[in-house]
Amino acid sequence: MDDASMVGLVGRVTGTIGPGLVGEVIVRVRGGAEHFLAYAADSTGRIERGTVVMVVEYLPPRTVYVTAAYDS
């Protein structure tokens with residue numbers, strides 16, 4: 001999967017993301033759902049489990065930077 005096709009995909013946080021934490025998200029991709037290691041795009045925010053997020057950067061093979069998809 002190339003970088004451009006991951007950016008903009010929506011997923012859900014399955015492991016809390018925050019400063020000093022490597023989180024986890026599940027993203028629907030390639031006809032299924034896959035887990036990726038995740039970091040907050042702003043690097044100072046905390047994103048809780050269950051939050052819907054959007055991929056803003058992809059680092060192959062399994063790392064993404066995300067931001068909350070909706071304002072809370």
Side-chain angles (χ1 to χ4, degrees):
M1 170 153 274
D2 65 13
D3 298 1
S5 59
M6 281 293 294
V7 173
L9 292 181
V10 175
R12 184 170 304 273
V13 176
T14 56
T16 301
I17 302 166
L21 298 173
V22 178
E24 182 183 62
V25 297
I26 188 166
V27 179
R28 290 196 172 276
V29 63
R30 294 186 276 266
E34 297 182 20
H35 288 266
F36 293 85
L37 298 177
Y39 296 92
D42 67 6
S43 72
T44 60
R46 186 173 175 95
I47 305 174
E48 298 296 331
R49 188 173 177 196
T51 303
V52 176
V53 293
M54 182 183 311
V55 176
V56 296
E57 187 176 350
Y58 170 60
L59 301 174
R62 311 281 319 153
T63 302
V64 292
Y65 284 80
V66 298
T67 187
Y70 307 105
D71 291 334
S72 53

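Basis for what follows: all heavy atoms, side chains included, without hydrogens, waters or symmetry-related copies.
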Chemist: Taking all heavy atoms of Val27 and all of Val10, pick out the closest pair and write down the distance.
Modeler: CG1-O, 3.9 Å

Chemist: Is it true that atom CZ of Arg49 has more than 12 heavy atoms of other residues, nucleotides or ligands lying nearer than 6.0 Å?
Modeler: no

Chemist: Quick one: pull up CZ in Arg12 and CZ in Arg28 and give me the separation to the nearest 0.5 Å.
Modeler: 10.5 Å

Chemist: Answer with yes or no whether the hydrophobic clustering places Tyr70 together with Met54; edges join I, L, V, M, F, W, Y residues whose side-chain heavy atoms lie under 4.5 Å apart.
Modeler: no

Chemist: Is there a path from Leu9 to Val66 through hydrophobic residues (I, L, V, M, F, W, Y) whose side chains come within less than 4.5 Å of each other?
Modeler: yes

Chemist: Could you tell me which non-hydrogen atom of Ile47 sits nearest to which non-hydrogen atom of Ala68, and how far apart they are?
Modeler: CD1-N, 4.4 Å

Chemist: Establish whether Ile26 and Val29 are linked, either directly or via other cluster members, by ILVMFWY side-chain heavy-atom contacts under 4.5 Å.
Modeler: no

Chemist: Using the rule that two of Ile, Leu, Val, Met, Phe, Trp, Tyr join whenever any of their side-chain heavy atoms come within less than 4.5 Å, decide whether Leu37 and Leu59 are in one cluster.
Modeler: yes

Chemist: Looking only at non-hydrogen atoms, find the nearest pair between Leu21 and Arg46 and report the distance.
Modeler: CD1-NH1, 3.5 Å

Chemist: Does the Arg62 side chain pair with the main chain of His35, one donor and one acceptor, at a distance under 3.5 Å?
Modeler: yes

Chemist: Restricting to non-hydrogen atoms, name the atom on Gly45 and the atom on Pro19 that form the minimum distance, rounded to 0.1 Å.
Modeler: O-CD, 3.4 Å

Chemist: Looking at CD1 of Ile17 and OG1 of Thr67, how far apart are the two atoms once the value is rounded to the nearest 0.5 Å?
Modeler: 10.0 Å

Chemist: Test side chain to side chain contact (heavy atoms under 4.5 Å, CB included) on Tyr39 and Val22; report intermediate values, then the result.
Modeler: CA-CA 6 Å; Tyr39 296 92; Val22 178; 3.4 Å; yes

